[in-house]
Each structure stands twice: as C-alpha cells, then as structure tokens.
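Data block below; observations after.
Every chain is numbered from 1 and lettered A, B, ... according to where its sequence line falls, protein lines coming before strand lines.
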Amino acid sequence: MSLLLELKDVSKIYGSVKALRNVNLEVSRGEWLAIMGPSGSGKSTMMNIIGCMDKPSNGSVTLDGVDISKENSKSLTNIRRDKIGLIFQQFHLINYLTALENVMVAQYYHSMPDEKEALRALERVGLGDRAKHLPSQLSGGEQQRVCIARALINYPTLILADEPTGNLDEANESVVLDIFKRLHKEGSAIIVVTHDPEVADEAQRTVVLEHGRVARIVQGKNNAMGCDA
Amino acid sequence: MMMKKQTMYFRMITSSLIRRRSRMIVALLAVAIGATILSGLVTIYYDVPRQMGQEFRSYGANLIFTPAGDETSFTMEAVRKATDFIPNNDIMGIAPYRYETVKINEQPFTAAGVIMDEVKKTSPYWFVSGQWPQNDGEALIGQEVSDYIRLSPGDMFTVTGANSVGDSFSRDFTVLGIVQTGGIEEAFLFVSLSDLEEMAGDKGRLDVVECSVSASQAELDDIVRRIDENVEEVTPRLVKRVTRSEGAVLAKLQALVYLVTTIALLLTMICVATTMMAVVAERRKEIGLKKALGAANRSIVMEFLGEGLFLGGLGGLLGALFGFAFAQTVSLNVFGRSISFQPRLIPASMAISIIITGLACLLPVRSATDVDPAIVLRGE
C-alpha cells in the first residue's frame with residue numbers, strides 16, 4: 001500500500017514544554033492506526049498536527065504528498081476540508097440544524113450541498129429515519145453516528161477520530177466500531193486516538209506515546225501490516 | 001439532489017434564527033428597543049417645531065400690519081391681499097383693530113373696535129373676568145378703565161363722542177368682561193368693530209391688524225418680504241419680541257432632543273453590540289467546529305452577518321412602528337396634539353438598525369474567527 005502520511009522528526013514545543021519529541025511515523029492508505037497514551041503524552045498535539053490544525057515546531061509532515069508543515073493557515077483549512085474527516089468525542093453537532101443539515105454543512109463548506117447524498121450517508125450509519133431530528137432529539141450514539149456521516153460525506157483521504165467512543169455506552173461503542181470496521185474494509189485510512197484498549201485492539205497498529213515520544217508500537221489483532229516507527 | 005449554496009446559506013441562517021428563538025428574541029428585543037427609542041426621538045425632533053410653533057401662538061400675534069408710509073389707515077381689502085401671501089393652514093388668527101377716542105362720564109378713553117372671536121385667537125393670553133362679548137352693545141373693558149370708572153361685569157355705561165363729520169353720538173353698552181393683559185390694553189375698552197364703525201360714522205378703515213401665524217422665523221421673514229413687495233397699502237412687521245423668543249426656545253428644545261437622540265443612539269449601539277457579542281461569544285465552539293470542517297473565515301463572517309442583518313432589519317421595522325407609538329404618546333401627553341406617521345422612517349430605521357447590528361456583529365465575529373479549531377477537537 002502506498003504511503004498516505006509521514007511524520008519525520010516532528011517536534012512541537014510550547015514555550016518550555018516539549019509536547020512532541022522527534023516523532024517518526026508512517027501511515028499507509030487504508031491503514032487503521034490507533035494512538036494511545038496517558039494524558040499529556042502528546043496525543044492531542046499529534047492529532048492537531050495530522051489534522052492540519054497546528055504546525056510542528058520542527059520536522060515535516062507529509063499528507064497525501066503535500067508537506068503540510070510548510071503550508072499557511074488558509075492552505076491548511078483547504079487541506080483539512082478536502083482530505084480529512086473529523087470525528088469528535090463530544091460529537092460537536094450544530095444544535096439548531098437537523099441531522100441531515102449537519103451532514104450537509106460539511107458539503108456546503110467543501111463543494112455543493114446534496115440532500116440525497118447526505119441522506120445516503122446517514123443511511124450508511126443507520127440513521128436514515130432520524131434525518132430530520134435535531135441533535136437534542138438524538139441519543140449519544142446516534143449523535144456520534146451523525147458525526148461519522150458528516151466526516152465521511154466528502155470522501156476524505158484520512159478519517160481522524162478523537163476518542164470516538166469516549167462518551168458512548170457499550171452498545172453504541174459496538175455500533176461505532178462496526179462502522180469503523182466497515183469503513184476500513186472499504187479502504188478508508190483511519191487514525192483513532194483512544195484510551196480504550198478494546199478500541200485500539202481493533203486497529204492494525206497502536207502507537208503508544210509517552211512524554212511526547214513514541215514509546216512503542218503494538219500490533220493489533222487485525223494487523224496485516226508491518227511496524228515502521 | 002444538488003442544492004444551491006445560497007439555498008443552504010439561507011437554510012442555515014433561518015434555522016439558527018427560528019430554532020434558537022429564545023436567544024434570538026433577546027437580540028431582536030435589544031435591536032427593536034434601540035430602534036424604537038431612536039425613531040421615536042427622531043420623530044419628536046422633527047415634529048417639535050410644528051408642535052411648539054402652535055404652542056407658541058399662545059404668546060400672541062407675531063405679525064402686525066400698519067398703514068404704509070404716511071397713510072393713517074388701510075382697508076380690509078388690503079388685509080385680504082396681504083394675507084393671500086400666508087398659507088391658509090398657518091393662519092391661527094387675524095384680528096383687525098380700529099381705534100377711536102370716546103368719552104365715558106366726560107372722561108376720554110380709547111375705544112378699540114375688534115372682531116372678538118379673532119382677538120381670542122391672536123391674544124389667547126388675555127385674562128378676562130366675566131365673559132367675552134358676543135353681540136353688538138356689549139363691551140370688554142380694561143382693568144384700568146374698570147378701576148377708574150368703577151364698572152363691573154353686568155353694569156351699563158354710556159359712550160359719547162363726535163363722529164367723522166363732527167356730529168355727536170351717544171351709545172349705551174353693557175360690560176360683559178374685564179380684561180387683564182399686563183399691557184397697554186388694560187387702558188382700552190373693546191367693542192365690536194361694527195359698533196365702533198357705526199359710532200364713528202364711516203366704515204372699512206383699520207388702524208392695525210394683528211396676525212398669529214404658525215411658521216418658523218425664516219418663513220415669517222419670507223412672508224414679510226413678499227407682502228412688503230406686493231401690497232402697497234400696508235407695512236408688515238414681525239413682533240420681534242415674540243418671534244425671537246420663539247426661535248430661541250425652539251433652538252434650545254431641538255438641541256436638547258438632538259442631544260438625547262445622540263445619547264440614545266450611542267446607548268443603542270452599546271446595548272446591541274453587547275447583546276450580539278454575547279450571542280457570538282456563546283457560539284465560539286460552533287465557529288471553531290465550522291473552521292475544523294473547512295469553513296473559510298469569510299464564510300463564517302457572512303453567516304453571522306446574515307443573521308445580524310436579518311435581526312437588524314426586523315428590529316428596525318418593529319422599532320419604526322413602536323417608535324411612532326412612543327412619539328405619539330409623548331406628543332399627546334406633552335403637547336396635547338397627535339403626530340402624523342412618516343413612512344420614510346421605516347427604511348431609515350431599518351437601515352440604521354442594520355448598520356448598527358452589522359457593526360456590532362462584525363467586531364465579535366472577526367475576533368471569533370481567530371478561534372483555534374483544535375480547541376473544539378480537544379476531548380475531555
């Protein structure tokens with residue numbers, strides 16, 4: 001599989017705090033990667049850099065052939081819009097828009113809103129019949145599935161999920177993981193930040209961060225790829 | 001089915017306004033109250049000259065006609081020609097006066113022949129004890145005359161004298177009222193113009209005409225100039241004492257309303273800006289999310305501006321209507337007169353509200369676009 005993401009000697013320094021220290025990582029297209037680590041280990045910083053919401057202090061980050069560490073803020077916004085699908089722990093749905101409209105918002109900023117396509121995205125996550133509901137009328141699991149539908153609607157190159165099951169009960173966690181499995185099967189590249197070993201287990205590899213460094217890389221039960229940290 | 005971007009834009013704005021209505025009603029109220037005070041005060045500001053102009057007419061006549069050049073009198077025909085230069089709606093009263101010297105108990109007095117109903121209009125400040133005469137044979141006497149010859153309302157007295165051809169006349173009158181003005185009028189007796197003309201033995205001769213005109217100083221100056229140029233028989237003069245004090249009071253009153261309006265405008269801006277800032281501040285997460293989804297700063301600014309401008313327009317419309325009600329209430333309670341609705345205030349109020357709301361939105365939204373979307377991504 002070809003390389004999708006490459007981090008080379010990436011460091012991030014906030015004043016006197018070194019959030020990331022010389023991190024090297026490669027992610028292939030279609031790979032499912034989990035990032036684990038204790039609080040303050042640099043997970044969020046790494047997510048922000050991969051998600052084009054922050055830039056490294058040193059090193060380079062190449063996403064789909066583009067060195068995003070050298071891009072300006074406007075270009076990073078465009079890259080984020082075109083290549084990345086974001087899934088949040090708190091779902092972050094716009095509370096005055098219906099589930100369908102929340103999905104269409106992502107289309108609106110990307111290209112052209114398409115109601116039918118947005119509805120199909122909701123159907124893919126099993127929410128076709130809840131399209132006209134407001135977030136306040138949906139359960140946590142349903143809101144997370146709307147968030148996933150929104151992340152998928154523009155066919156992103158990379159799906160970035162930050163604690164996607166952190167706010168869900170076991171049943172809904174299972175539903176969301178099933179969706180991730182299906183997406184992985186369909187060839188999507190997924191990076192999941194998680195505290196949950198069961199979620200990380202589903203990934204092909206798990207990168208464990210400690211004190212801003214890659215402490216180790218653990219092969220997941222579905223691993224079919226080599227480690228390359 | 002593809003949807004136009006504009007359609008989605010309006011869908012997002014209307015959804016935000018409708019589905020967040022409790023928040024939006026607060027913002028709408030802030031705009032509408034501001035616009036109400038503003039449009040109400042502007043209405044009063046422009047209506048004050050009209051209201052006060054009529055109010056000032058209680059000060060008495062502000063324009064008088066006297067005989068031109070060396071002439072000693074002029075005719076009613078000349079008065080009609082002169083008053084043709086005054087807009088009918090502005091004429092509050094025109095009171096002709098003819099003076100003759102008469103005797104009561106062999107004491108000389110000045111008798112003024114007047115049209116009582118017109119005198120009431122031009123000199124509303126006269127204080128009359130008793131009644132205003134309504135018929136021939138009835139008289140109003142000044143306080144000084146009353147004191148001198150000891151006459152009270154209801155008393156009869158006889159006026160004697162010589163007419164224009166030298167024949168003597170004698171005529172009985174009943175005192176209907178005693179007038180106090182604080183001026184020279186207290187030394188006169190007032191009878192109907194027809195009684196005086198009958199005693200004098202000639203008709204159509206007038207000495208002075210007092211006019212009460214509801215107009216600004218500039219309009220009065222223009223009326224005087226035109227009468228002076230076109231009517232040879234009379235000399236028009238402004239009663240400076242009245243017109244100057246009117247102008248001074250009016251200028252001060254307008255300055256006061258202007259000041260209050262300006263302060264209200266500033267307070268409105270602060271109030272609306274604060275409300276909009278609060279509205280934007282509580283949506284910083286939403287802004288961060290939209291940026292994370294790839295929204296350009298311009299898109300976010302346009303969305304918030306769209307909401308703000310809609311609120312501004314609607315608030316301005318409501319403000320224009322409520323403002324009229326506010327101005328009407330003030331006018332009725334303070335001046336005792338109603339005002340007419342100015343339709344052009346609607347677009348003006350909407351435009352001002354839109355500008356204020358737009359500015360009030362723009363500043364917090366621009367600062368909100370600096371939100372780091374990574375903050376939204378952060379888990380708990």
Side-chain angles (χ1 to χ4, degrees), chain A residues 39 43-45 47-49 51-54 73-74 76-98 101-102 104-119 134 136 147 150-151 153-154 160 162-164 166-167 193-195, chain B residues 1-27 279-280 282-304 306-307 310-311 366 368-380:
Chain A
S39 292
K43 300 190 302 291
S44 294
T45 306
M47 278 289 287
N48 291 341
I49 289 171
C52 299
M53 283 171 285
D54 206 349
S73 161
K74 197 175 173 186
L76 287 177
T77 300
N78 292 341
I79 293 167
R80 193 163 61 233
R81 184 187 62 204
D82 295 337
K83 295 186 183 298
I84 296 169
L86 294 166
I87 298 167
F88 309 106
Q89 180 180 5
Q90 288 89 17
F91 327 131
H92 294 305
L93 300 179
I94 298 171
N95 58 7
Y96 56 83
L97 297 180
T98 62
E101 288 164 344
N102 264 286
M104 288 168 72
V105 164
Q107 290 179 312
Y108 171 74
Y109 294 127
H110 180 266
S111 48
M112 295 292 274
D114 185 333
E115 200 163 339
K116 276 189 178 169
E117 196 180 5
L119 188 60
L134 291 170
S136 57
C147 183
R150 182 178 64 190
I153 191 68
N154 295 321
L160 263 183
D162 184 9
E163 297 281 3
N167 277 349
V193 171
T194 183
H195 278 103
Chain B
M1 183 178 58
M2 293 284 258
M3 179 187 278
K4 280 185 178 173
K5 284 200 106 164
Q6 291 94 321
T7 311
M8 185 66 192
Y9 173 77
F10 286 114
R11 195 160 161 179
M12 286 161 71
I13 286 175
T14 49
S15 295
S16 171
L17 292 170
I18 293 166
R19 294 187 186 136
R20 301 174 66 249
R21 52 183 165 277
S22 58
R23 292 271 194 277
M24 285 302 154
I25 283 171
V26 172
V279 166
V280 174
E282 71 174 17
R283 293 169 72 185
R284 285 174 71 87
K285 248 187 174 179
E286 180 188 325
I287 293 170
L289 170 75
K290 286 177 174 175
K291 288 188 77 172
L293 291 177
N297 286 346
R298 190 173 169 274
S299 295
I300 292 167
V301 170
M302 291 305 289
E303 283 164 34
F304 276 87
E307 286 181 26
F310 181 85
L311 282 178
R366 281 190 71 84
T369 54
D370 294 335
V371 165
D372 186 350
I375 293 167
V376 176
L377 261 178
R378 191 178 294 151
E380 283 175 354

Side chain, backbone, both or neither: which part of A:Leu134 has an atom under 4.5 Å from a heavy atom of chain B?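 Side chain only.
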
Portion of A:Thr98 that has a non-hydrogen atom of chain B nearer than 4.5 angstrom: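 Both backbone and side chain.
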
Would B:Arg11 and A:Tyr108 satisfy side chain to side chain donor-acceptor pair (under 3.5 Å), going step by step from the backbone distance to the final call? CA-CA 11 Å; B:Arg11 195 160 161 179; A:Tyr108 171 74; over 6 Å; no

Between [X] and [Y], which heavy-atom pair has the shortest distance, and what is it?
X	Y	result
A:Thr77	B:Lys291	CG2-O, 4.5 Å
B:Lys5	A:Ser111	CE-O, 3.2 Å
A:Met53	B:Ala374	SD-N, 3.9 Å
A:Leu86	B:Ala292	CD1-O, 3.3 Å
A:His92	B:Leu289	O-CD2, 3.0 Å

Distance in Å, A:Met104 CE paired with B:Thr7 OG1, rounded so as to fall on 0.5 Å steps: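 Going from CE on A:Met104 over to OG1 on B:Thr7, the span is 9.0 Å.
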
OG/B:Ser16 to CG/A:Asn95 distance, rounded to the nearest 0.5 angstrom? 8.5 Å

4.5 Å side-chain heavy-atom contact, A:Met112 and B:Met8: no

Counting heavy-atom pairs under 4.5 Å with chain B, which one of A:Lys43, A:Lys74, A:Arg150 comes out on top?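 Answer, by heavy-atom pair count under 4.5 Å with chain B: A:Arg150.
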
Is the backbone of A:Tyr96 close enough, under 3.5 Å, to the side chain of B:Arg20 for a donor and an acceptor to pair up by distance? no

Close approach to chain A in residues 294-303 of chain B, criterion heavy atom under 4.5 Å: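 When heavy atoms of chain A are the reference, residues 294-303 of chain B contributes B:Gly294, B:Ala295, B:Ser299, B:Glu303 within the under-4.5 Å range.
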
Please lay out, stage by stage, how A:Ile94 and B:Lys290 fare under the test side chain to side chain contact (heavy atoms under 4.5 Å, CB included). CA-CA 9 Å; A:Ile94 298 171; B:Lys290 286 177 174 175; 3.7 Å; yes

